[in-house]
Each structure stands twice: as structure tokens, then as C-alpha cells.
Trainee: 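To start, I am sharing the structure in question, which I have written as C-alpha cells.
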There are 2 protein chains.
Amino acid sequence: MKNYSIGDMAKKYGVTVATLRYYDESGLLPFVKRNAQGQRIFTDDDLGYLEVIDCLKRSAIPLKAIRQFMAWCVAGDDTLPKRHAFMIEQEAALEAKIKVLQANLAFLRWKKWYYAHANEAGTEQIFFKPGTTQVDPKWRKKYLAEHSEV
Amino acid sequence: MKNYSIGDMAKKYGVTVATLRYYDESGLLPFVKRNAQGQRIFTDDDLGYLEVIDCLKRSAIPLKAIRQFMAWCVAGDDTLPKRHAFMIEQEAALEAKIKVLQANLAFLRWKKWYYAHANEAGTEQIFFKPGTTQVDPKWRKKYLAEHSEV
DNA sequence: CCTTGACCTCAAGTATACTTGAGCACTTAT
DNA sequence: ATAAGTGCTCAAGTATACTTGAGGTCAAGG
């Protein structure tokens, strides 16, 4: 079983050693051992944990929640129901988040189309209801018609 | 054209009036006018802008970037190319973000499956390579086989 | 031997995005 | 006419997630 220094792990996960120390202090790495000199040592056994942390962090889960989960991980089999529930919860949360982002993406694409056309016309005026800066709904309909067969 | 108070908009967008004031101070709302008493007034013309801000905020775009975009919006037709480029950029960024989250979701689902089975067995040990706490790759393969026909 | 490099702790600083509080103005209902 | 409700500014406080700096240990190479 190979050992890894904090510097190795920092490179592997694309963070600074300061960040890893901060994670450790924050309770995200309750599994790290120390050598005789007090230096952190990571092992192959830890790589699975780090993968989970990485996933949760990229999903913008707060450190506090990750800490809780990791505490359960090192606490042993008694916490398996809690860890299972945690995954179910995070799955639902992430699905919801993705749905929101997909709606946002659709909106950005409409706006991109809008600016492409405004740009071509040289002015946004072509879209406005007379006397306002509100987009005439007919343009939105036109866009949706052009992009429905996708 | 209807007018709306800051309180109206706060309700409509599910934020506090303090947050809206903060957004205004931060340059996100360069379009808001004031009445004789110095109170902010929002109009129907502004609703389109707020929709964009809402979308960008939900996509975790920093206020700084949103401020830049809004400045271009009020600057007039000269900034149309920049606004078009902004949308193209944000679309790409959001697509990338969604891809990451979808990969994370797949990972969480595997972990959910893992904990469902560990839970059933009463122990995580069933997954480990002997003498380690590393998951034997055969389980991952089993999971993928069971979930490939989706 | 002594400098370089990687590690350590602890404390303070930074960035972002708000939130809260103090003190004041104006409108409206009792 | 006075109290409640909504609005205002400005300053300070909070939460999260790091980042930076000071000061020190230890092992290896020239």
C-alpha cells in the first residue's frame, strides 16, 4: 500500500497544500494518519474518500455537510443507513440543481439568439413593443417555432 | 406602464429588500429610477432585465460579471456585440457546468447503490478488497452492468 | 555544515454575498 | 396627531471558503 504526502495529493486533486490542510482542519479528512514527524500521510485506502469529497465539492455541497458525511464514514457500519440517506438526499438535490441549470441554459440560448439578431440589425429596437423596451412576444414565439424541432 | 416598489420586486423575486438594495449598490440595477422621494421605482420595462439577472444568479455567475453585462445593457446598441459574446460565453460555461454535475450525479447514484447494498448486508466489508478499505472493482463492474440498459 | 525544500501550526487577511442595525423621512389609517 | 408601515443611507457584522504570513522542524544534497 503506497503512501502519499500532502504535496502529492494536492497535485493529484488540483488544489494547494494549504487548501488540503484547511480541509483537514475542517474535519473533511478524518481518515488521514500522521507519521512520526507529524506529517500527514495519505494511503490508497483514502483515495475513495477523496473521490467522494471531490464530487461533493464540485457539486457545491457546503463543507459542513461533507464533514458530517466523512464523520459517518469513519464511524463504521452503524452509520450505513445515514450514509445511504445522505446519498439519496444529495441525488435529489443535484437532480433539482441540474434541472434549474438546464432551464437557465434554455434561457441563455434564447438571449443568444436575441443578441445575434439585434446585432445583425444594429439595434435592439427591432424587438421592442413601440414606446417601451419590452420585447414583443411575437419574437419569443418566432424563436420557439424555429427551435422546436430539436 | 405599471410601477413597482422595491418591496413588490422583493416579493416577486423571492429576495429581501436589503438584497435588492445591495444589488443596486453593486451596480446590478443601473436601470432603476427614483421618485421625488428618492424611492426606487421599477417598471414593466425592467422586468426583462430582472429575468436575466435572476437567470445569471441562479447559474452562480459572480455579481461582478452581471454588473458588467447590465452596464452594457444600459449603454445602448453599441454594446450589442459584447452582449452577444457574453451570452455565447455563458452558454458554454453553463454547458460545461451541467456536464460536470451530470458526471457527479452518476457518481452519487453509484454510491447510493453501494450504500443500499452495504446497508442490506449490514456491513461495508462485502465490498472491500481483503485487508483494505478499497472497493473491489468487480462491484463497480456489477453496478455498471446492472445499469447499462438505461 | 548549512542551505534548500517539504512539511508543520497558528493567526490574520481576503473575497464574495449578503444581513443587520441605527437613525431618519414620508404616507396612511385610526 | 400619532403610530404603523414602507422607504432611505451608511456602517458594521456574518458566513463560507480559502489564502497568506510568521516562525519552526526535519531530511537530504553539495
Trainee: All N/O contacts under 3.5 Å from nucleotides 13-16 of chain C to the protein, with atom names and distances to one decimal?
Mentor:
none

Trainee: Is it true that A/D24 and A/R34 have a side-chain N and a carboxylate O under 4.0 angstrom from each other?
Mentor: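 A salt bridge is present here (some side-chain N lies under 4.0 Å from a carboxylate O).
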Trainee: How many whole angstroms separate atom CD1 of B/I66 from atom C1' of C/dA17?
Mentor: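 About 11 Å, once rounded to whole Å.
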Trainee: Assign the ring pair B/F127 / B/Y114 to parallel, tilted or perpendicular, where the plane angle (0 to 90°) is split at 30° and 60°.
Mentor: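 Because their plane-to-plane angle is under 30°, the rings of B/F127 and B/Y114 count as parallel.
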Trainee: Donor-acceptor pairs under 3.5 Å, side chain of residues 65-75 of chain B to any protein atom, not counting sequence neighbours: which ones?
Mentor:
from  : atom 1 : to    : atom 2 : distance (Å)
B/R67 : NH1    : B/S26 : O      : 3.0
B/Q68 : OE1    : B/W72 : NE1    : 3.3

Trainee: Hey, can you pull the residues of residues 4-20 of chain A with a non-hydrogen atom under 4.0 angstrom from DNA chain C?
Mentor: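 Those residues are A/S5, A/I6, A/G7.
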Trainee: Yes or no on side-chain contact (heavy atoms from CB on, under 4.5 Å) for A/L56 and B/L108, after CA distance, side-chain angles and deciding distance?
Mentor: CA-CA 9 Å; A/L56 295 173; B/L108 287 185; 4.1 Å; yes
Trainee: Of all of residues 29-54 of chain B, which get a heavy atom below 4.0 angstrom from DNA chain D, listed by number?
Mentor: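 Output list: B/R34, B/G38, B/Q39, B/R40.
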Trainee: Under 3.5 Å, is there a donor-acceptor pair between the side chain of B/K11 and the main chain of B/I6?
Mentor: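 No, the answer is negative, given that no donor and acceptor are paired below the 3.5 Å cut-off.
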Trainee: Got a salt bridge between A/K12 and A/D8, using NZ or NE/NH1/NH2 to carboxylate O under 4.0 Å?
Mentor: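 Answer for the salt bridge query: no.
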Trainee: D/dC18, OP1 or OP2 - any side-chain N/O from A/Y23 closer than 4.0 Å?
Mentor: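 Looking at the OP1 and OP2 atoms of D/dC18, one of them is under 4.0 Å from a side-chain N or O of A/Y23.
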Trainee: Filter on salt bridge (Lys or Arg N to Asp or Glu O under 4.0 Å), then keep only pairs touching residues 113-133 of chain B, sequence neighbours left out; what's left?
Mentor: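 Sorted result for residues 113-133 of chain B: A/R83-B/E124.
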Trainee: Does this structure show an ion pair linking B/K112 with A/E89, if we count only N-O contacts that are shorter than 4.0 Å?
Mentor: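 Looking at B/K112 and A/E89, the cut-off is not met.
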Trainee: How many whole angstroms separate atom CZ of A/R21 from atom P of C/dC7?
Mentor: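 The answer, rounded to whole Å, is 7 Å.
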Trainee: First locate atom CH2 of A/W110, then atom SG of B/C55, and finally report the distance between them rounded to the nearest 0.5 Å.
Mentor: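 SG of B/C55 is found 13.0 Å from CH2 of A/W110.
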Trainee: In chain order, what residues pass the side-chain hydrogen bond (donor to acceptor under 3.5 Å, both in side chains) check against A/K142, with sequence neighbours excluded?
Mentor: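 Result, side-chain hydrogen bond (donor to acceptor under 3.5 Å, both in side chains) vs A/K142: A/E146.
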